[in-house]
Visitor: 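Structure below; questions to follow.
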Amino acid sequence: GYVGRVNYDYKGKYLVEAMARYDGTYLYAPGHRWGFFPSYSLGWRISEEPFFKNILPAVNNLKFRWSDGFTGSPQGGAYAYINGYDQSGSWVFSDGKTTTGYANNSVANTVLTWAKVRMQDFGVDWEVWQGKFGGTFDWFRRQVIGTAARRKVDLPDFYAVSIPQENLNRNETQGLELTLYHRNSIGNFSYRIQGTATFSRYRQTYIESEKTNTDYGSQMAYWKGAQLNRWNGAFGGSTYHWTGERFTSIDQASSSQILYSALSSSEGNRGLIVGQYQIEDRNGNGYIDSDDVYYTWGSGNPPLQFGLTFSGSYKNFDFSLLFNGATMKWKGYGLSAYSGYGYLNYLPSQYTDAYHVTHYGDDPWDPATQWTAGFWPALVRLSQVGSYNAPMYGSNQPYNFVDATYLRLKTIELGYRVSPNFLKKAGIKSARVFFNGGNLLTFCSKYLKYVDPESNDQGRAGGEFQINKTYSFGFNLNF
């Protein structure tokens with residue numbers, strides 16, 4: 001490839017940069033191997049204008065930025081532009097001898113080329129009172145144009161090969177980023193505080209496979225399943241809501257007017273047990289099904305992430321703290337998954353606060369049995385409820401699908417520099433001793449106490465790797 005760049009700076013006020021790439025790859029057919037990807041950026045430091053300094057002398061830096069440009073993203077397989085043949089059975093033509101057959105099962109791809117990635121950004125940088133306060137703000141958009149997909153067309157049966165991929169699909173990510181900081185010195189004490197927050201969303205702006213997709217069957221199915229032009233995340237998770245009551249006896253569960261058959265393998269209410277939270281029949285049809293769920297943020301990468309750093313020094317002491325967090329994310333426990341609630345023959349400690357028979361050995365299905373209340377439903381044998389996917393295990397509910405907003409003290413470091421005069425006789429210029437801690441504090445929902453709200457793993461309640469806390473002590477020597 002080839003790269004070129006030109007910069008222009010006029011008195012630190014007007015900034016221009018132009019750049020271009022001309023890249024090639026062997027992946028594509030001749031005539032489609034090379035792509036030209038230009039970009040540019042503009043900057044205006046309005047704070048350097050004479051009129052601005054007279055109006056707002058406290059602002060020592062204010063800059064507006066704009067950038068727009070393309071890069072290339074390679075895709076597809078090598079040499080797909082050449083017709084190839086695969087072994088396809090054995091055939092007998094004469095004398096009982098077999099001949100291996102070869103067939104071409106795809107059309108040579110002579111049209112696919114680079115996907116173009118367009119990046120746009122508008123930003124503002126500012127600083128006031130000689131750097132005591134400042135920040136940046138950015139709006140950004142990343143568009144990927146021409147990702148590989150097969151055109152949705154009807155082909156005759158005798159065609160017998162798949163059509164080649166083309167540059168058809170498109171997607172984009174848009175977001176905002178804000179950074180604020182403050183720094184100051186008070187006597188021997190100096191410090192700096194900086195906070196950052198980023199909000200971004202992703203959507204597919206063209207999907208060739210949905211162009212003629214008639215598989216949804218209903219408006220509700222389309223609303224649940226369609227992805228075209230839908231921002232990700234907001235419908236990424238679903239959960240049932242509770243009515244606020246629980247089944248406190250076998251008779252109450254059996255006589256419920258709401259049927260849970262859709263959640264208990266067509267067993268009616270046989271799967272309900274004492275302590276089960278009553279689920280809201282949202283659409284009022286008399287039974288619990290998938291149309292009763294509420295949609296919310298999913299368990300993937302959260303759209304809103306934030307961080308805070310605080311550092312400083314006082315004489316020979318120094319410190320730094322780093323916090324990070326996120327919101328607009330929910331996390332599922334997966335109670336019927338490996339190491340889930342009651343799935344194996346042992347019970348993680350966080351599930352011991354459960355409904356249970358008051359007198360050990362009593363029959364849980366006897367209406368006269370006395371019960372002791374707890375947060376979790378009672379545990380019973382799998383054979384007694386018909387399926388571990390019954391409503392008390394296999395469905396997202398407020399106890400196992402919770403808001404995963406969190407704030408974590410990611411790292412903390414405390415240090416002390418020993419005076420050089422004390423160490424000169426030993427040939428040591430300076431020394432510093434320090435303590436460092438990692439993941440020492442996490443603020444989040446109490447239901448996430450035993451899992452890591454930052455991770456995207458949701459399959460193993462109680463079996464997920466726990467977040468590790470680290471403590472370290474050390475020293476640095478300069479000779």
Visitor: Salt-bridged, Glu172 to Arg118, with N to O below 4.0 Å?
Guide: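 Not counted as a salt bridge, because no side-chain N and carboxylate O are separated by less than 4.0 Å.
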Visitor: Between Glu49 and Lys13, is there a side-chain N and carboxylate O pair less than 4.0 Å apart?
Guide: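 Here Glu49 pairs with Lys13 in a salt bridge, since their nearest N and O are under 4.0 Å apart.
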Visitor: Quick check: do Asn61 and Arg45 have side-chain heavy atoms less than 4.5 Å from each other?
Guide: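 Asn61 reaches Arg45 side chain to side chain.
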Visitor: Do Thr296 and Tyr294 have side chains that approach each other closer than 4.5 Å (heavy atoms only, starting at C-beta)?
Guide: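 A side-chain contact is absent here, since even the closest heavy-atom pair is not under 4.5 Å.
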Visitor: For Lys410, does the NZ atom have more than 12 heavy-atom neighbours from other residues, nucleotides or ligands under 6.0 Å away?
Guide: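 Above 12, so yes.
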Visitor: Please determine which of Trp34, Trp114, Phe37, Phe70 meets the ring-ring contact (aromatic ring centres under 6.0 Å, His included) test together with Tyr22.
Guide: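 Among Trp34, Trp114, Phe37, Phe70, the one that satisfies the ring-ring contact (aromatic ring centres under 6.0 Å, His included) with Tyr22 is Trp34.
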Visitor: Cut-off 3.5 Å, side chains only: do Glu177 and Thr198 have a donor facing an acceptor?
Guide: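 Checked: Glu177/Thr198 side chains pair up, N/O donor to acceptor below 3.5 Å.
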Visitor: Is the Tyr191 to His182 ring centre distance short of 6.0 Å?
Guide: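 Yes, the ring of Tyr191 comes within the 6.0 Å limit of the ring of His182, centre to centre.
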Visitor: For Phe475, I'd like to know if atom CZ has over 12 heavy atoms of other residues, nucleotides or ligands within 6.0 Å.
Guide: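 No, because the 6.0 Å sphere around CZ of Phe475 holds 12 heavy atoms or fewer from other groups.
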Visitor: Any salt bridge between Asp291 and Arg282, counting N to O under 4.0 Å?
Guide: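 Salt bridge: no.
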Visitor: Measuring only between side-chain heavy atoms, which start at C-beta, is Tyr399 closer than 4.5 Å to Phe375?
Guide: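 Of all side-chain heavy-atom pairs linking Phe375 with Tyr399, at least one is under 4.5 Å.
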Visitor: If you apply the rule side chain to side chain contact (heavy atoms under 4.5 Å, CB included), what do you find for Tyr181 with Arg192, and how did you get there?
Guide: CA-CA 7 Å; Tyr181 63 84; Arg192 178 184 173 91; 3.8 Å; yes
Visitor: Shortest non-hydrogen contact from Leu112 to Tyr28?
Guide: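 For Leu112 versus Tyr28, the nearest heavy atoms are O-CD2, 3.3 Å.
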Visitor: Is the shortest side-chain heavy-atom distance between Glu413 and Thr411 below 4.5 Å?
Guide: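 With C-beta onward as the side chain, the pair stays apart.
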Visitor: Does the pair Ser445 and Asp403 meet the rule for a side chain to side chain contact (heavy atoms under 4.5 Å, CB included), with working shown?
Guide: CA-CA 7 Å; Ser445 167; Asp403 186 347; 5.7 Å; no
Visitor: Would you say the side-chain atoms of Ser47 pair up with the backbone N or O of Leu62, donor to acceptor, closer than 3.5 Å?
Guide: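 A pair under 3.5 Å: yes.
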Visitor: Under a 4.5 Å cut-off applied to non-hydrogen side-chain atoms, are Gln143 and Arg170 in contact?
Guide: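 No. Closest side-chain heavy atoms not under 4.5 Å.
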Visitor: Hey, is the main chain of Gln227 close enough, under 3.5 Å, to the side chain of Glu210 for a donor-acceptor pair?
Guide: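 Flag set: sc Glu210 to bb Gln227 pair under 3.5 Å.
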Visitor: Does any donor atom in the side chain of Ser200 or Thr173 lie under 3.5 Å from an acceptor atom in the other side chain?
Guide: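 No, no side-chain donor-acceptor pair sits under 3.5 Å.
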Visitor: With side chains defined as the heavy atoms from C-beta onward, is the minimum distance between Leu308 and Ile193 less than 4.5 Å?
Guide: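 When only atoms from C-beta onward are counted, Ile193 and Leu308 do touch, with a gap below 4.5 Å.
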Visitor: Parallel, tilted or perpendicular: which describes the rings of Tyr79 and Tyr26, with under 30° parallel and over 60° perpendicular?
Guide: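 Answer is tilted, since the angle falls between 30° and 60°.
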Visitor: With rounding to the nearest 0.5 Å, note down the distance linking OG in Ser185 to OH in Tyr314.
Guide: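 If I round to the nearest 0.5 Å, the distance is 13.0 Å.
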Visitor: Taking the ring centre of each residue, are Tyr406 and Phe443 less than 6.0 Å apart?
Guide: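 No, ring centres 6.0 Å or more apart.
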Visitor: Can you tell me how far CG of Leu409 sits from CG of Leu322, rounded to the nearest 0.5 angstrom?
Guide: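 One finds 8.0 Å between CG of Leu322 and CG of Leu409.
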Visitor: Identify which one of Arg183, Lys132, Lys63 satisfies the salt bridge (charged side-chain N to carboxylate O under 4.0 Å, His left out) criterion when paired with Glu127.
Guide: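 Answer after filtering Arg183, Lys132, Lys63: Arg183.
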Visitor: May I ask you to decide if Ala148's main-chain N or O and Gln75's side chain share a donor-acceptor pair within less than 3.5 Å?
Guide: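 Yes, Gln75 side chain to Ala148 backbone: donor-acceptor pair under 3.5 Å.
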Visitor: Quick one: do the Asn171 and Arg203 side chains pair a donor with an acceptor below 3.5 Å?
Guide: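 No donor-acceptor contact under 3.5 Å links the two side chains.
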Visitor: Using a strict threshold of under 4.0 Å (side-chain N to carboxylate O), is an ion pair present between Asp452 and Arg408?
Guide: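 Yes, charged N to carboxylate O under 4.0 Å.
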Visitor: Which atoms form the tightest heavy-atom contact between Gly12 and Glu48, and what is the distance?
Guide: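 Smallest interatomic distance, heavy atoms only, reads O-CG, 3.9 Å.
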Visitor: Take Phe133 and Trp126 through the test side chain to side chain contact (heavy atoms under 4.5 Å, CB included) and record every step on the way to the result.
Guide: CA-CA 8 Å; Phe133 293 92; Trp126 69 90; over 6 Å; no
Visitor: Atom OG1 in Thr243, atom CD1 in Ile279: separation rounded to 0.5 Å?
Guide: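 If we round to the nearest 0.5 Å, Thr243:OG1 and Ile279:CD1 are 9.5 Å apart.
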Visitor: At their closest point, which heavy atom of Pro303 faces which heavy atom of Arg201, and how far apart are they?
Guide: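 Scanning both residues completely, I find the closest heavy atoms to be CB-CD, 3.8 Å.
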Visitor: Taking the side chain as C-beta and beyond, is there a heavy-atom pair between Leu448 and Val402 under 4.5 Å?
Guide: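 They are in side-chain contact.
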Visitor: Would you find a donor on one side and an acceptor on the other, under 3.5 Å apart, between the side chain of Asn169 and the backbone of Ala149?
Guide: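 Checked: no pair found.
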Visitor: Please report the closest heavy-atom contact between Trp139 and Leu176, naming both atoms and the distance.
Guide: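 Closest approach of Trp139 to Leu176, heavy atoms only: CD1-CD2, 3.7 Å.
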Visitor: How many angstroms lie between NZ in Lys331 and CZ in Phe401, if you round to the nearest 0.5 Å?
Guide: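 Between Lys331 NZ and Phe401 CZ, I get 10.5 Å after rounding to 0.5 Å.
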Visitor: With rounding to the nearest 0.5 Å, note down the distance linking CG in Asn232 to CH2 in Trp297.
Guide: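 Here the interatomic distance stands at 8.0 Å.
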Visitor: Before giving the answer on side chain to side chain contact (heavy atoms under 4.5 Å, CB included), spell out for Asp68 and Tyr40 the whole-Å C-alpha distance, their side-chain angles and the decisive distance to 0.1 Å.
Guide: CA-CA 6 Å; Asp68 188 2; Tyr40 70 94; 3.7 Å; yes
Visitor: Does this structure show an ion pair linking Asp318 with Arg432, if we count only N-O contacts that are shorter than 4.0 Å?
Guide: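 Yes, charged N to carboxylate O under 4.0 Å.
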Visitor: Cut-off 3.5 Å, side chains only: do Gln130 and Asn60 have a donor facing an acceptor?
Guide: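 There is no such pair between these side chains.
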Visitor: In terms of ring plane angle, is the pair Trp242 and Tyr277 parallel, tilted or perpendicular, where the classes change at 30° and 60°?
Guide: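 If you compare the ring of Trp242 with that of Tyr277, the planes turn out parallel.
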Visitor: Tell me whether Lys329 contacts the main-chain N or O of Leu304 through its side chain, where contact means a donor paired with an acceptor under 3.5 Å.
Guide: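 Answer holds: no.
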Visitor: When the ring centroid of Phe319 is compared with that of Phe310, is the distance short of 6.0 Å?
Guide: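 Yes, they do, as the ring centres are separated by less than 6.0 Å.
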Visitor: Is the shortest side-chain heavy-atom distance between Ile163 and Val107 below 4.5 Å?
Guide: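 With C-beta onward as the side chain, the pair stays apart.
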Visitor: Does the Arg141 side chain pair with the main chain of Asp121, one donor and one acceptor, at a distance under 3.5 Å?
Guide: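 Looks like no, no N/O pair under 3.5 Å.
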Visitor: Side chain of Asn184, backbone of Ser190: donor and acceptor closer than 3.5 Å?
Guide: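 Not a single qualifying donor-acceptor pair exists.
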Visitor: To check you understand the geometry: which heavy-atom pair defines the closest contact between Asn54 and Pro57, and what is its length?
Guide: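 Smallest heavy-atom distance, with atoms named: O-CD, 4.1 Å.
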Visitor: With no hydrogens and no angle check, do the side chains of Tyr202 and Arg230 hold a donor and an acceptor under 3.5 Å apart?
Guide: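 No, no side-chain donor-acceptor pair sits under 3.5 Å.
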Visitor: Could you tell me which non-hydrogen atom of Leu440 sits nearest to which non-hydrogen atom of Ile412, and how far apart they are?
Guide: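 Between these two residues, the closest heavy atoms are CD1-CG2, 3.6 Å.
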Visitor: Judged by modelled atom types alone, do Thr405 and Thr327 share a side-chain donor-acceptor pair under 3.5 Å?
Guide: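 Yes, Thr327 and Thr405 have a side-chain donor paired with an acceptor closer than 3.5 Å.
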Visitor: Can you tell me if Asn83 uses its side chain to pair, donor with acceptor, with the backbone of Ala108 under 3.5 Å?
Guide: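 Yes; judged by distance alone, with no hydrogens or angles, the pair exists.
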Visitor: Taking atom types as modelled and ignoring hydrogens, do the side chains of Glu208 and Tyr206 form a donor-acceptor contact shorter than 3.5 angstrom?
Guide: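 Side-chain D/A pair, Glu208 to Tyr206: present.
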Visitor: Can you tell me how far apart CG (Asn439) and CG (Asn324) are? Round to the nearest 0.5 Å.
Guide: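 If I round to the nearest 0.5 Å, the distance is 8.5 Å.
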Visitor: Do side-chain atoms of Thr113 reach the backbone of His32 as a donor and acceptor pair under 3.5 angstrom?
Guide: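 At least one qualifying donor-acceptor pair exists.
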Visitor: If you count the non-hydrogen atoms of other residues, nucleotides and ligands that lie under 6.0 Å from CZ in Phe51, is the total more than 12?
Guide: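 Above 12, so yes.
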Visitor: I'd like to know if Arg151 and Glu166 make a salt bridge, using a cut-off of under 4.0 Å between side-chain N and carboxylate O.
Guide: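 Glu166 and Arg151: salt-bridged.
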Visitor: In terms of side-chain geometry, is the basic nitrogen of Arg65 or Asp138 positioned less than 4.0 Å from the acidic oxygen of its partner?
Guide: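 Result for this pair is yes, salt bridge flagged.
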Visitor: Under 3.5 Å, side chain of Asn109 to main-chain N/O of Ala80, donor-acceptor pair present?
Guide: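 Such a contact is absent between Asn109 side chain and Ala80 backbone.
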